[in-house]
Amino acid sequence: MDDHQKSIQLKNYNAFRTEALAKIFCAPNNVAELRECLEKYPNEKKLIIGGGCNLFFTKDFDGLVIKPNIKGIRDVSDDDDDDDIVFLEVMASEDWDEFVEYCVNKGFSGLENLSYIPGTVGASPVQNIGAYGAEVKDCIREVVAIDINTGEAVSFSNAECQFGYRDSIFKKTNRYIIVSIVFQLKKSFSYKPKYADLNKELEDVEEPTIQDVREAVIQIRKRKLPDHKELPNCGSFFKNPSIDPEKADTLLGIYPDLPVYPQPNGLVKTSAAFLIDRAGYKGKRIGNIGTYPNQPLIIVNYGTTDGNEIVGFMEEIQEVVEEDFGIKLEPEVKIL
Ligand code: EPU
């Protein structure tokens with residue numbers, strides 16, 4: 001491992017490309033190096049970054065930033081396992097979409113709807129990434145993480161990960177550094193229509209193959225979502241809010257086309273993109289910051305290096321949406 005570096009610029013480690021310095025920075029190549037780094041700085045505040053695709057900085061980080069570089073994929077299926085199932089152990093720093101492509105090429109199904117999401121494999125369970133009716137939690141068997149305080153490896157079963165909508169135990173505490181994940185995938189595939197946009201993209205394909213689904217997802221995402229390498233952004237900036245059914249009925253009286261998705265907990269999920277759009281903030285730009293014209297849930301950075309400008313724009317959106325609809329949007333992105 002490189003010697004631990006001091007005063008490192010973090011601009012290239014967050015997808016909004018805001019500037020901030022890390023007091024100390026290390027990039028361990030394996031679990032032993034990761035432990036070494038933790039032991040050396042027991043009292044420093046710590047931040048773990050994967051691809052940096054869902055966080056940005058508003059100030060310097062007064063502590064240790066760890067960017068693991070731990071790679072590898074191996075088949076850990078057992079002879080006794082079901083013939084239609086494969087278990088893959090994947091190290092945390094593998095690129096997420098390269099891993100999805102690997103699975104699709106081998107015909108292993110489960111993750112194809114999550115194609116073309118930026119970031120690393122290790123970040124995928126943290127906020128339980130989801131798209132087009134799929135969530136990563138449905139393919140995770142086990143997550144192995146290092147406890148920041150003790151350096152010990154801890155294994156989490158799917159239930160122990162406490163997955164929720166864009167949520168998990170790893171998001172709730174700062175205690176664990178994910179080092180590997182065991183995915184449970186199927187060797188067979190049949191397309192199950194789940195999400196209107198995706199069904200539409202595939203309407204002319206008779207029996208979509210897993211490759212067709214990946215291609216369709218990539219096409220939709222390329223149309224709707226900006227590439228953070230060309231136009232800095234962190235994907236969806238806000239979570240889709242859940243509201244009580246009475247509130248949903250009132251709003252439906254005024255906005256009959258409001259998307260509503262009843263949840264198992266009795267609440268109704270609605271669309272943050274719709275609310276921002278109807279509040280007049282679709283494609284709106286103020287100075288260096290704006291919402292993306294094709295998907296207003298995405299905030300884009302047209303040129304600032306100061307994360308506080310993004311926060312200012314975020315607050316403005318929260319205010320107008322709260323005024324117009326009585327709903328407080330919560331950021332999905334991590335603000336540091
Ligand atoms: N809509 C508008 N105006 C627009 C765009 C969308 O009113 O300009 C409304 C429409 O009613 C549309 C609805 O918003 O039907 C939903 O839009 P979309 O299908 O694009 O999905 P989303 O709910 O806005 C979520 C995820 C995305 C994921 C897509 C696709 C969250 C916070 N976001 O967005 O995830 O790619 O579904 O499944 O749950 C991310 O988390 O970074 C992310 C990109």
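Positions are given from 1, in the same order as the sequence printed here. Both ligands and their constituent atoms are indexed starting at 1 by order of listing.
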Original post:
Contact between Arg221 and ligand 1, counting heavy atoms under 4.0 Å?
Top reply: yes
**OP:** Decide if the gap between the ring center of Phe183 and the ring center of Phe108 is smaller than 6.0 angstrom.
**Re:** no
Original post:
Which ligand 1 atoms are under 4.0 Å away from a heavy-atom of Phe238?
Top reply: 32 (C)
Original post:
Got the closest protein heavy atom to atom 6 (C) of ligand 1, with its distance?
Top reply: Ala273 CB, 3.6 Å
Subject >> Residue Gly235 vicinity, atoms of ligand 1 by number, heavy atom under 4.0 Å >> reply: 42 (O)
Original post:
Going by the order shown, which atoms of ligand 1 are within less than 4.0 Å of some heavy atom of Asp277?
Top reply: 2 (C), 3 (N), 4 (C), 7 (O), 8 (O)
Subject >> Non-hydrogen side-chain atoms of Gln127 and Ile129 separated by less than 4.5 Å >> reply: yes
Subject >> Distance flag for atom 9 (C) of ligand 1, protein heavy atom under 4.0 Å >> reply: yes
**OP:** Mark up the atoms of ligand 1 that fall under 4.0 Å of a heavy atom belonging to Pro259, in ascending order.
**Re:** 11 (O)
Subject >> Numbered atoms of ligand 1 (with element) below 4.0 Å of Tyr165, judged on heavy atoms >> reply: 31 (C), 32 (C), 39 (O)
Original post:
Counting from 1, what ligand 1 atoms have a heavy atom of Ser271 closer than 4.0 Å?
Top reply: 9 (C), 13 (C), 14 (O)
Original post:
Side-chain contact, heavy-atom cut-off 4.5 Å: Leu64 with Ile66?
Top reply: yes
Subject >> Ring centers of Tyr255, Phe325 separated by less than 6.0 Å >> reply: yes
Original post:
Relative to atom 31 (C) of ligand 1, which among Lys269, Glu330, Lys194, Arg166 owns the nearest non-hydrogen atom?
Top reply: Arg166
**OP:** Distance to 0.1 Å, residue and atom name: give those for the protein heavy atom nearest to atom 19 (O) of ligand 1.
**Re:** Tyr195 OH, 2.7 Å
Original post:
Which of the atoms of ligand 1 are close to Pro296, meaning less than 4.0 Å from one of its heavy atoms?
Top reply: 4 (C), 5 (C), 8 (O)
**OP:** Provide the number and element of each atom of ligand 1 under 4.0 Å from a heavy atom of Lys282.
**Re:** 4 (C), 8 (O)
Subject >> Residue and atom name of the nearest protein heavy atom (relative to atom 24 (O) of ligand 1), distance in Å to one decimal >> reply: Gln295 NE2, 2.8 Å
Subject >> Electrostatic pair Asp257:Arg278 at N-O distance under 4.0 angstrom >> reply: yes
Subject >> Ring-ring centroid check Phe25 Tyr13, cutoff 6.0 Å >> reply: yes
Subject >> Closest to atom 44 (C) of ligand 1 (judged by heavy-atom distance), picking from Ser236, Ala134, Pro293 >> reply: Ser236
**OP:** Considering heavy atoms of the protein only, find what lies nearest to atom 38 (O) of ligand 1 and give residue, atom and distance to 0.1 Å.
**Re:** Tyr132 N, 2.7 Å
